[in-house]
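Encoded as structure tokens, the structure appears first; notes follow it.
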Amino acid sequence: MNHDYEYTPGNAFTKWLDKRLPLIRFADENLLSFPTPRNLNYFWTFGFILTLCLVTQIITGIVLAMHYTPHVLMAFDSIEHIMRDVNYGWLIRYIHANGASMFFLAVFIHMFRGLYYGSYKEPREILWILGVVIFLLMIITAFMGYVLVWGQMSFWGATVITNLVGAIPLVGESILTLLLGGFSVDNPTLNRFFSLHYLLPFVIFGVVILHIWALHVTGNNNPTGISVKNTNDTISFHPYYTVKDLFAYVVFLLMFAYFIFYNPNILGHPDNYIEADAMVTPAHIVPEWYLLPFYAILRAVPDKLMGVLLMFGSIVVLFFLPWLDTMKVKSARYRPTYKIFYFTFLLTCFLLGYLGGQAPEGLYLFLSRVCTIYYFAFFLVVMPILSRYEKPSPMPIGISNSAINTDLGTDKNPALSINN
Amino acid sequence: MRLTQAIIILLTIVFFSNNQNLLASGDETFKNLKPNFSFEGPFGKFDRESLKRGYQVYSEVCSSCHGMKQLSFRNLSQPGGPEFSINKVKEIASEYFILDGSDEYGDPIERSRVPSDRFQPPFDNKDAAKASNNGAYPPDLSLIVKARSDGANYIYSLLSGYEEPMPESMHIDESLSYNPWFSGSAIAMAQPLYDEMVEYDDGTIASISQMSYDVANFLAWAAEPTMEERKSLGLIVMGFLFIFLILMFFSVRRLFKDVH
Ligand code: HEM
């Protein structure tokens, strides 16, 4: 990164402070004058949106916890108490419930952005890995949060998913007992899930700080995937991206508000408005929409243990992306073949989401298997092969220099290259 | 780039619209009837007179089998609901009794209910409820509209759907009734509504479909008494965001004029 600009404290107090705790300097370097590629498109606004999603979930969650009772006999009614008797309780709860969906929507876009523009590649491997850690934590947190409602889907979802742990050989049963606090989903389970659901968002918060720290060491990637070379390529984060991000956030909020105020239950399952009953099994047990692709993978194989391994594998494989795709050209813009496989992959994920909501039989099961195979093949077969054989299309020399680079296959023009 | 964005947006829409069906219970034999409730749509409000009649149907017919444990009598006078006067609510509540605390000998005290008390449950517990209904449990109705996909339309269809003739080929247990809207088409609730079963205070003719409509309306309100507040606040929030959006749009335009 090229730093021509340096923060200079303006008055006596800020000078004094700067020598002791350079808070303002820190904020200035990281938020205000942080050099950011000039060509970022709207897919780059989702990091900012995600940060605000996290803050929203934490604030509304803390308020909900003030009124919620984690006990099997009272949990469901305490949520109705929030909906009916707490001032604006319905608002807080609908924000929190739909907020989880919005959070996942944003994180999916954020991740597919990274996948498209090669943001996981050198030097951003750690940044990406921290992202995957956040994603895993988000899934666990959302799953536990859903259980707190103690509706039919909460209870049966929890039963199905925790049972998977039991499939692990040797230790599975013991871990399951520890997780449940007994032999089935019951009051101890609800209590520990509540405790963990309160804890994990703060762990996520911590990892997000590391994520952003890593981002600020390497700097942003950009739609061309070409490294920033000099100050011509960048603009300061503030006001350019603060304003652009805020604009995108308002668009996002409009959609969010539509769900909260006009269709607050469409993303949830009606069965979760029936109090949990261990004696009545719902006709179809399905998780929330954002977990459906993983659920489809889980049920694509007849063997329980294999299903569990594949489901976890589908996330774990993301950790290894930087080493599976070693193509130097980052952005799919200049990778015509990768682009085709990428969009097929995107389609596969949508399809898996759809299939996760269907009964695993007949054509649905067959399609789930095909999609599962492609899901893994994309990472484990297509990426390594393309890295070796794909011929990238001509690309510009630099971000702000649209002249075409004749030296195909690398974004590094030795004359201009600066450490990034 | 534009194309990719369009594709992604399209896929998202397809995914979400699919999701809607996929979360539906799926077994409906018949498509729900749509009597067009006044509360539908972004500006929809409840029809207060219909809510009042709906409460009358609930209390005179359904309440002998179904409880509504999330509701208190005071809710009946709350803004956004049937809006009975507070005196009317006191009168309604006082017709019911509750055991509340104990006297100096430790014997339970029975008193009449007041607006802050909950609706009276018809049975002491689930087992008693099942025992009186051939082993079937009449579910609590406070949240029934949210607990069924397409809730209010479904309740309306279910209640007015007992007249449908049963297909010759079908045989059901005699304790059950044929109702094609119920999943499986054989329901343990005998037809609850018959023409003129209640005499409406406001003189409306109590046909089966009128009563079904009113009680479905009432149950929709009961499932979410804050619906009107939600929609009207939504309008303000969306309006604010929209103006904010326009301001931000021009700010971005101006700011990025010289970048590129
Ligand atoms: C709580 C969830 C998350 C938050 C709050 C968050 C926040 C951010 C922020 C503020 C940025 C910079 C702005 C941007 O490029 O969009 C960023 C960049 C990035 N994030 Fe995340 N993130 C989250 C989850 C994830 C996940 C799950 C992944 C991937 C598995 C991920 C991968 C990345 C990558 C690779 C970048 C660098 C992108 C680039 O500059 O091209 N993030 N994140």
Side-chain angles (χ1 to χ4, degrees), chain A residues 38-39 41-43 77 80-81 83-85 88-91 94 105 109 112 116 151-152 223 235 239-240 243-244 246-251 253-254 257-258 260-262 264-275 283-284 286 289 292 333 339 343 346-347 350 353-354 356-358 400, chain B residues 1 4-5 7-8 11-12 14-16 18-27 41-42 69-72 75 137 139-140 142-151 183 223-227 229-235 237-238 240-242 244-245 247-249 251-252 254-256 259-260:
Chain A
R38 59 196 305 140
N39 60 335
N41 60 32
Y42 279 100
F43 286 113
D77 289 345
E80 277 309 308
H81 161 70
M83 293 296 289
R84 290 157 193 268
D85 301 331
Y88 292 102
W90 58 269
L91 180 60
Y94 279 155
L105 180 66
I109 297 176
F112 276 110
Y116 188 80
Q152 274 289 65
I235 45 184
Y240 293 99
V243 170
K244 189 170 175 174
L246 198 61
F247 170 63
Y249 184 59
V250 177
V251 176
L253 274 188
L254 265 166
Y258 163 75
I260 296 169
F261 294 105
Y262 296 106
N265 294 305
I266 191 72
L267 298 172
H269 196 293
D271 277 11
N272 229 27
Y273 277 105
I274 305 172
E275 190 166 0
H284 306 283
V286 287
W289 69 266
L292 288 174
R333 258 190 203 179
K339 210 182 209 167
F343 282 110
L346 186 62
L347 202 74
F350 275 102
Y354 171 74
Q358 309 301 323
S400 37
Chain B
M1 211 45 246
T4 21
Q5 289 176 9
I7 292 174
I8 289 168
L11 284 174
T12 315
V14 169
F15 180 70
F16 273 101
N18 258 331
N19 225 41
Q20 220 166 307
N21 307 338
L22 133 190
L23 294 180
S25 61
D27 313 275
K69 65 171 179 167
Q70 307 294 352
L71 273 92
S72 304
N75 296 134
Y137 174 63
D140 186 274
S142 344
L143 282 164
I144 198 80
V145 167
K146 279 180 167 181
R148 297 289 180 274
S149 69
D150 196 21
S183 92
E224 187 156 8
T226 52
M227 190 212 72
E229 189 187 359
R230 162 161 70 75
K231 287 181 179 171
S232 61
L233 183 61
L235 203 63
V237 172
M238 301 285 268
F240 170 81
L241 285 175
F242 197 72
F244 193 8
L245 179 80
L247 292 178
M248 290 310 297
F249 176 78
S251 311
V252 174
R254 183 151 151 213
L255 196 58
F256 277 84
V259 184
H260 286 307

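Quick note on labels: first sequence line is chain A, next is B, and so on, each numbered from 1. Since we're looking at a predicted model, the values are computed, not measured.
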Exercise for review: Please look at A/Y249 and chain B and tell me whether the side chain, the backbone, both or neither of the residue comes under 4.5 angstrom of a heavy atom of that chain.
Suggested key: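 The answer is neither part of A/Y249.
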
Point to revise | Atom group of A/E275 that falls short of 4.5 Å from chain B, counting heavy atoms | key: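 Just its side chain gets close to chain B.
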
Point to revise | Aromatic ring pairing B/F256/A/Y240, orientation class (parallel under 30°, perpendicular over 60°, tilted between) | key: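 Taking A/Y240 first and then B/F256, their aromatic rings stand perpendicular (interplane angle over 60°).
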
Less than 4.5 Å to any heavy atom of chain A: does that hold for the side chain of [X], its backbone, both, or neither?
X: B/L247; result: neither
X: B/P42; result: both
X: B/L233; result: both

To the nearest 0.5 Å, what is the distance between [atom1] ([X]) and [atom2] ([Y])?
X: B/R148; Y: A/D271; atom1: CZ; atom2: CG; value: 7.5 Å
X: A/L254; Y: B/M238; atom1: CG; atom2: CE; value: 5.5 Å
X: B/M227; Y: A/F261; atom1: CE; atom2: CZ; value: 13.5 Å
X: B/N75; Y: A/D85; atom1: CG; atom2: CG; value: 7.0 Å

Practice item. For the residue pair A/D77 and B/K69, establish whether any side-chain heavy-atom pair is separated by less than 4.5 Å. Key: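 Yes, side chains in contact.
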
Review point. Which one, A/H81, A/E80, A/R84, leads in non-hydrogen pairs under 4.5 Å with chain B?
Key: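 Of the candidates given, the most pairs with chain B belong to A/R84.
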
